[in-house]
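Every number for a ligand or one of its atoms is a count from 1 in the order of the listing.
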Amino acid sequence: MNNLAHQSLAAYDEAKQQASEQTEAFWETIASQFEWHQKWDKTLEYDFHKPEVKWFLGGKVNITENCLDRHLITQPDQTAIIFEPNDPKEAAQHISYKELHSRVCQVANMLKSNGAKKGDRICLYMPMVPELAITVLACARIGAIHSVVFAGFSAAALAARINDADCSLLVTADGGFRGAKVTPLKDIADDALTHCSTIKTSIVLKRTGQEVAWNDIDVWWHEALEEVDDNCPAEIMDSEDPLFILYTSGSTGKPKGMVHTCGGYMVYTAYSFQNVFQYKKGDIYWCTADIGWITGHSYIVYGPLAVGATTLMFEGVPSYPTYDRFWEVCAKHKVNQFYTAPTAIRALQKYPVNLVNKHDLSSLKVLGSVGEPINAEAWHWYDDHVGKNKCPIVDTWWQTETGGILITSLAGVTSQKPTYATLPMPGIQAVLLDQEGNELAGENEGILAIKHPWPSIARTIWGDHERYKNVYFSAYPGYYFPGDGALRDAKGNYRITGRVDDVVIVSGHNLGTAPIENALNEHPNVVESAVVGFSHDVKGNALHAFVIVRSRADENETIKNELRALVAKTIGPIAKPDRIQVVSGLPKTRSGKIMRRILRKLAAGEHDQLGDISTLLNPEVVEEIKRNS
Ligand code: WTA
């Protein structure tokens, strides 16, 4: 598999050149290193105007044979997954490729015996335990489409996702451990299921051992598993059959179910994993993300397993039981590649550096960053104290929609530049556009766009192709528009400057402001609300909610607490606004549109940079907001 890797600058330059001059031939060479039941007859068919993208057309494949079966011949006893539990006193687990294969096949049979078949949607609402990765792979084994919902989401958010995809099966757990907290997953799922009619069976893994209510559709995982063996031939899938749906926030209330397909996603996640992290056989790789997000899908499960890597899964949080948990785990398992989010680095950097230094981090070779722009201070702290100035840092820019990393340096192969994601991967044609959609040349700042498809681009939004077109392909026809702004230096390095739409990245989590406003507006005493992001030294961004209440008598701490609770219940605790400000009006244009640009400035405290507000319908509310902030 290491034939995928460009291990020197010369090899990288050559790959880059080939990928830009003969893009399809380049991806054919990469794709031919995987196991296919039948080779594809056409490499690429696309039209960004329609939009339509298809890769490796006619190819027949099962991603789990590439992630599991083929490694049984070469390295059956190699550890595939290291599981580090939330509680350091609980023993870690090492699961070999042979064992993982057997457990995936068994769970696949369990899903089948509970009615699942190719094309069905299966919702996973589970803690970060090996059974989550196993269930993901088991779905892929039988061609069922998994939809993993992050275990921090509320019942309402879970129900909306189950209903959007008409899931027929739910796999959940009694509860989940996260730091000192226990999340009652089964209770939340039960609550969600009162609003769902399509789920026929709910399989419940025992993790915490807490008491749970029991319903007719519930089946214990351990009991169902006793009924089945581990012989489960892989379902043969078409390259373009859906592999999974993963929801991401958008500018409207409804989450977008991004659809990824089997062939292209497999090729790109494996290729990018291998190259970005420069993984060598036997290395221990750790990505601290949750499998509920795309980073976990692509770079805990599929990418690493496709190349036969050892991938570490961590159930806990960086602060539990103490603020050196990450470094303790790195030392304990002799981690070689460590991939985390800037928000975690900023949180840990506040504690004495001795918490890092007391652990032997000499195994570390590569550090990674993902999910939001990394500020210079965090970058240098990571470099100095964690990497001891000897580990390259890969700042990887990508999205749920892109499936894999698009802009990054390759560890130790290409140059890094603090706060810059640096260069597009081979085959990725990034450009900067001005507001009118003209391409900008050289050193510049503008809107980031991608000109040509890559194998792991999401193919559609589940059930809403029109929205897929509107969100990603309409603003700048002929380009994929990711929603981010960027700077480019004279050498072509990109620095991502942040979102240019109504999505705010809070602690690395993608939050649309519209669904939060909808939740706030549900409160009987709220008339209208507007939510914007403001810069926060640990979370990157935090949320400021401006709310109009029915009567000023309601303006007190009680309503603010009720509003926070409402958001937690409707979306999840991650979406709770840090600040709630009661206002008598929202600045609006004469056509009635909320001026978010002005609210962003007000939330940032930039009161003298509001620009001309005289054309507003109600400039007086701006003065009032200023006075009261
Ligand atoms: C942001 C996470 C700057 C960006 C993989 C993007 C980043 C959104 C970076 C996608 C980075 C991700 N530097 N910003 N290295 N990586 N982002 O879908 O705004 O959860 O559009 O995917 O995160 O978030 P998502």
Query - Carboxylate-amine/guanidinium proximity below 4.0 Å for Asp537 and Lys350 - result: yes

Query raised in the report: salt bridge (charged side-chain N to carboxylate O under 4.0 Å, His left out): which pairs involve residues 299-320, sequence neighbours left out?
Result: Arg207-Glu315

Query raised in the report: Would you call Arg325-Glu84 a salt bridge at under 4.0 Å N-O?
Result: yes

**Report entry** Close-range residues for ligand 1, whose non-hydrogen atoms fall below the 4.0 Å threshold
**Finding:** Ile294, Thr295, Val370, Gly371, Glu372, Pro373, Asp395, Thr396, Trp397, Trp398, Gln399, Thr400, Asp484, Ile496, Arg499, Ile505, Asn510

Report task. May I have the step-by-step check of side chain to side chain donor-acceptor pair (under 3.5 Å) for Lys491 and Tyr420, ending in yes or no? Result -> CA-CA 12 Å; Lys491 289 186 174 158; Tyr420 279 71; over 6 Å; no

Query raised in the report: Can you tell me how far CG of Asp578 sits from NE2 of His544, rounded to the nearest 0.5 angstrom?
Result: 10.5 Å

Query raised in the report: What's the spacing between Arg600 CZ and Asp502 CG if we round to 0.5 Å?
Result: 6.0 Å

